[in-house]
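Here the structure comes first, spelled out in structure tokens, and everything after it is commentary.
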Amino acid sequence: FDPPVYLVFEPHMPIATTGAAAAAIRRRNRTVPAREANALMRQLKLARSAEDATPAVGAFRRWAAAEGVLLVLPVAPYE
């Protein structure tokens, strides 16, 4: 994940790998319908290369935004 994803319920833990994303879904799973969570976790697990991971990362970001847990960090202005 470039840049890493930060989640509201774990702001201190950057999500930078498909494995970390799957773990975050498992921790959050109580609010995600099982079918949706399982499909997303399967997509993350099957991502073996950067090319495979691109759609999985996008799906994870969309999931986090839809769940309202995507933490958008402020960007420091360039001087």
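In this chain, residues are counted from 1 in sequence order. What you see below is based on every heavy atom in this structure, not just the backbone, and it leaves out hydrogens, waters and symmetry mates.
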Between R61 and L70 the two heavy atoms that sit nearest each other are O-CD2, 4.4 Å

Apply side-chain contact (heavy atoms from CB on, under 4.5 Å) to [X] and list each qualifying residue two or more places apart in sequence or on a separate chain.
X	answer
L71	Y6, V8, P11, L73
A59	L40, Q43, R62
A16	P4

Distance (rounded to the nearest 0.5 Å) between D52 CG and L44 CG: 11.5 Å

Kindly state each residue pair satisfying side chain to side chain donor-acceptor pair (under 3.5 Å) with at least one member in residues 7-16, sequence neighbours excluded. E10-R27

Are V57 and M13 connected into the same hydrophobic cluster when the rule is that any two of I, L, V, M, F, W, Y join if their side-chain heavy atoms are below 4.5 Å apart? no

According to a hydrophobic-cluster definition based on side-chain heavy atoms being under 4.5 Å apart (Ile, Leu, Val, Met, Phe, Trp, Tyr only), do F9 and M41 belong together? yes

Assess the residue pair F60 and T18 against the criterion (side-chain contact (heavy atoms from CB on, under 4.5 Å)); give the C-alpha distance rounded to whole Å, side-chain angles, the decisive distance to 0.1 Å, and a yes or no. CA-CA 9 Å; F60 179 76; T18 56; over 6 Å; no

